[in-house]
Novice: 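Okay, here's the structure, questions in a sec.
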Protein chains: 2
Amino acid sequence: MTTIKDVAKYANVSVATVSRVLNNKGYVSKEAETAVQKAITDLNYRPSAVARSLYDKKSRMIGLLIPDIANPFFPEIARGIEDVALKAGYTVVLCNTDNQVKKEAHYLNTLEQKYVDGIIVATGVGGYEHYKALNVPIVALDRFISEHVPTVTVENKQGAKLATEYLIQKGCMHIAHLRGQTGLVTADERYQGFKETVEQFGKRHTVLETGFNSYRAEEMVRVLLEQHPEVDGIFAASDVAAAGAMKAAHTMKRMVPDDLQIIGFDGISFGEMLSPSLTTVKQPIYQIGEKAISLLIDQIENRPIKTFQYVFPPIMHIRGTTK
Amino acid sequence: MTTIKDVAKYANVSVATVSRVLNNKGYVSKEAETAVQKAITDLNYRPSAVARSLYDKKSRMIGLLIPDIANPFFPEIARGIEDVALKAGYTVVLCNTDNQVKKEAHYLNTLEQKYVDGIIVATGVGGYEHYKALNVPIVALDRFISEHVPTVTVENKQGAKLATEYLIQKGCMHIAHLRGQTGLVTADERYQGFKETVEQFGKRHTVLETGFNSYRAEEMVRVLLEQHPEVDGIFAASDVAAAGAMKAAHTMKRMVPDDLQIIGFDGISFGEMLSPSLTTVKQPIYQIGEKAISLLIDQIENRPIKTFQYVFPPIMHIRGTTK
DNA sequence: CTGAAAGCGCTTACAG
DNA sequence: CTGAAAGCGCTTACAG
């Protein structure tokens, strides 16, 4: 490995001078500069990011804590984050926590020891205290940690209302809601939006807690359709659950959308690949990722951040599973 | 931040002694050890991974170069990799290259400067020279770099044969193949397997280069079915393309599987969520990831690796899109 | 068993 | 404009 010393020797200057040209900082004569430049290319020198980190306590790395990258909601988030990070000269460390406190704590520890410059938390376990101890800027994604932590979320309740109203408008008389796990804020909010809307319109409705799980959704919807063939609309709190509902409908020979209308939530890319393609409440997933990392970098680079709560509006994407 | 010095002072020993208990290495008296342990917990001391890295040129990080985490094949790979990495005490840096030489080179550079301990390359651009210059162990995933680089792949050709034979066995008389981009090794191998099989059995066939792209597959299959309604089997080189074919079939009112049978390739999770669920040639995606990281860690930790080429057999998953 | 010292590869005051 | 020196937080010979 060639170090700054080698470069200095080769260019006949001191390491201080090399450092100056490296960082474009401080006075350095034209001759010295060119000599150093030549030495750098001749020796194919690359400064050690680690040595730099030791000095300035920065690493140009950010940690991304998510429950599970294999959950189709997160890859697109991760992509948005990484694209912005790359442009800004940061690198992303991927941490799957499975929503386990232990894993999360492990990663928080490890990241801190590596002097990461910031952390995006899209995973749900620790309380604020948990993160405040960390001496690192953080951003909360799809969850709330504290008013002091910049947060990026989606208007879940509003999205749920849009979907439910749409089903009602399209003539549904008995609507089922496939809700996410109780206690999970996003799931609760979507449920609230659904409930308020059906009650407001006085529509019959049924709620099933399928979680964000395709298989369970399929099973439960099949049973539902057997017992209540009059169900003519389904609002699923995730596209994955909606896909399960579509499978159940297919098995039960129910025609979608003529006979049964289905709306999902999320807008992950595979919804469009379903047949028919899934009508859904789309979150601007990629942009959410971009916003989160931008807020994080603003903090890292000491730019004042104006607003702490960014709430994106979801958008109805009418596709093939509704009339 | 509390450093080793603070701990030493607090425990009334030298930093050398603290270091010894930290690393469980070298002699240290019982009293000294307990004093240090107490100091560590009292001060909530965590050693700096960066300072350590500077000394021993290791970072306990590995780089993962993939084309795009948003491509549904990669999240599961990444998960397999990260799970093993976590257990072994490594951390994963996520690098999306979009198969662009420039991005790849940038990341290679950055990773090297951070003293990453190893790199998994699942992206296709650089030649061997490109990577050899790097003084870091690497593993090739889903691609070939050199005989000297441990490689983890799948028997693509064999998988394609299995799928094609299955369609023939189930009575298909005219089979279309939706192939990936020419020049991409995996795509070429799958195409070869298809071609040899249809020729061996003397079946009519058509080849469309849809890429691993759902939308293009849909468009091209729709045209195909219009012009050649006699096509009764489709072997897609990816599940994503197969989903596109299913959409085209749906639009054209072709019944799957009665009227048209479809087989995909990959075994990504969303194939199961399609209606009907997709018959596919499943790669052991998660295990491929596990194998790749295991080989990498073996190299990093100087364990001899016996075989350099690991070729996983794909497995036919018969589901709903075939008879 | 223990500590002083050198060194890992940088950066930045401080003198000159 | 430039270099010697100290320091970032560790680890490991080397003496004792």
Side-chain angles (χ1 to χ4, degrees), chain A residues 1-37 39-40 43-61 89 109-117 135-136, chain B residues 1-37 39-40 43-61 89 109-117 135-136:
Chain A
M1 218 180 59
T2 115
T3 75
I4 196 171
K5 264 192 200 164
D6 304 320
V7 175
K9 197 170 298 175
Y10 189 96
N12 259 308
V13 298
S14 73
V15 297
T17 300
V18 176
S19 179
R20 285 191 196 98
V21 347
L22 243 31
N23 298 292
N24 238 301
K25 163 185 287 185
Y27 298 98
V28 34
S29 67
K30 204 68 201 136
E31 302 83 67
E33 177 165 359
T34 55
V36 169
Q37 296 290 17
I40 288 174
L43 302 177
N44 188 227
Y45 167 70
R46 255 93 47 106
S48 157
V50 173
R52 278 183 172 164
S53 284
L54 182 60
Y55 181 83
D56 62 19
K57 263 83 203 142
K58 301 225 174 305
S59 64
R60 301 244 120 202
M61 294 196 296
N109 233 303
T110 303
L111 293 172
E112 200 183 13
Q113 293 188 115
K114 292 185 190 300
Y115 296 164
V116 293
D117 296 344
N135 231 343
V136 167
Chain B
M1 219 181 58
T2 116
T3 74
I4 197 171
K5 264 192 200 165
D6 304 319
V7 176
K9 196 170 300 175
Y10 189 97
N12 260 309
V13 297
S14 73
V15 297
T17 300
V18 176
S19 178
R20 284 191 197 98
V21 347
L22 243 30
N23 298 292
N24 238 299
K25 163 186 287 185
Y27 297 98
V28 33
S29 68
K30 204 68 201 137
E31 302 83 67
E33 176 165 359
T34 55
V36 170
Q37 296 290 16
I40 288 173
L43 303 177
N44 187 227
Y45 167 70
R46 254 92 47 104
S48 158
V50 173
R52 278 184 173 164
S53 283
L54 183 60
Y55 179 83
D56 63 17
K57 263 82 205 146
K58 301 224 175 303
S59 63
R60 299 245 119 200
M61 295 195 296
N109 233 304
T110 303
L111 293 172
E112 200 183 12
Q113 292 188 115
K114 291 186 190 302
Y115 296 165
V116 295
D117 296 346
N135 231 342
V136 167

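By convention in this document, chain letters (A, B, ...) are assigned in the order of the sequence lines, proteins followed by strands, and residues within each chain are numbered from 1. We use all heavy atoms of the structure for the numbers below, so side chains are in, but hydrogens, waters and symmetry mates are not.
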Novice: Can you sort out the partners of A/Tyr10 under side-chain hydrogen bond (donor to acceptor under 3.5 Å, both in side chains), two or more places apart, ordered by chain and number?
Specialist: A/Asp42
Novice: Sequence neighbours left out, what passes side-chain contact (heavy atoms from CB on, under 4.5 Å) with A/Ala11? Give chain and number order.
Specialist: A/Val13, A/Ala35, A/Val36, A/Ala39
Novice: Which parts of residues 7-14 of chain B get close to DNA chain C, meaning a heavy atom less than 4.0 angstrom away?
Specialist: B/Val13, B/Ser14
Novice: With sequence neighbours left out, write down each residue that passes side-chain contact (heavy atoms from CB on, under 4.5 Å) with B/Asn23, or none if nothing qualifies.
Specialist: B/Ser19, B/Lys25, B/Arg52
Novice: Could you check whether any side-chain N or O of B/Ser59 sits under 3.5 Å from a backbone N or O of B/Tyr115, counting only pairs where one atom can act as donor and the other as acceptor?
Specialist: yes
Novice: Quick one, B/Val15 with B/Thr3, criterion side-chain contact (heavy atoms from CB on, under 4.5 Å). Give me CA distance, side-chain angles, the key distance, then yes/no.
Specialist: CA-CA 10 Å; B/Val15 297; B/Thr3 74; over 6 Å; no
Novice: Do you know the tightest heavy-atom contact between A/Thr2 and A/Tyr45?
Specialist: O-CD1, 3.2 Å
Novice: Which nucleotides of nucleotides 8-16 of chain D have their base under 4.0 Å from a protein heavy atom (B), which only their sugar-phosphate (S), and which neither (-), written as one string 5' to 3'?
Specialist: BBSBBB---
Novice: Considering only heavy atoms from C-beta outward, does the side chain of B/Val136 approach that of B/Asp117 to under 4.5 Å?
Specialist: no
Novice: Identify, with sequence neighbours excluded, every residue that meets side-chain contact (heavy atoms from CB on, under 4.5 Å) alongside B/Thr34.
Specialist: none
Novice: Given Watson-Crick or G-U pairs with both distances under 3.5 Å, what dot-bracket string fits DNA chain D, with | for other-strand pairs and [ ] for crossing?
Specialist: |||.||||||||.|||
Novice: Does anything in residues 26-37 of chain A reach DNA chain D, meaning a heavy atom under 4.0 Å, and if so which residues?
Specialist: A/Tyr27, A/Val28, A/Ser29, A/Ala32
Novice: With A/Asn109, which residues qualify under side-chain hydrogen bond (donor to acceptor under 3.5 Å, both in side chains), at least two apart?
Specialist: B/Arg46
Novice: Excluding sequence neighbours, so at least two apart, what forms side-chain contact (heavy atoms from CB on, under 4.5 Å) with B/Lys9?
Specialist: none
Novice: Restricting to side-chain hydrogen bond (donor to acceptor under 3.5 Å, both in side chains), what partner residues turn up for A/Arg60, sequence neighbours left out?
Specialist: A/Tyr90
Novice: Kindly check if the number of other-residue, nucleotide or ligand heavy atoms within 6.0 Å of NZ (A/Lys5) is above 12?
Specialist: no
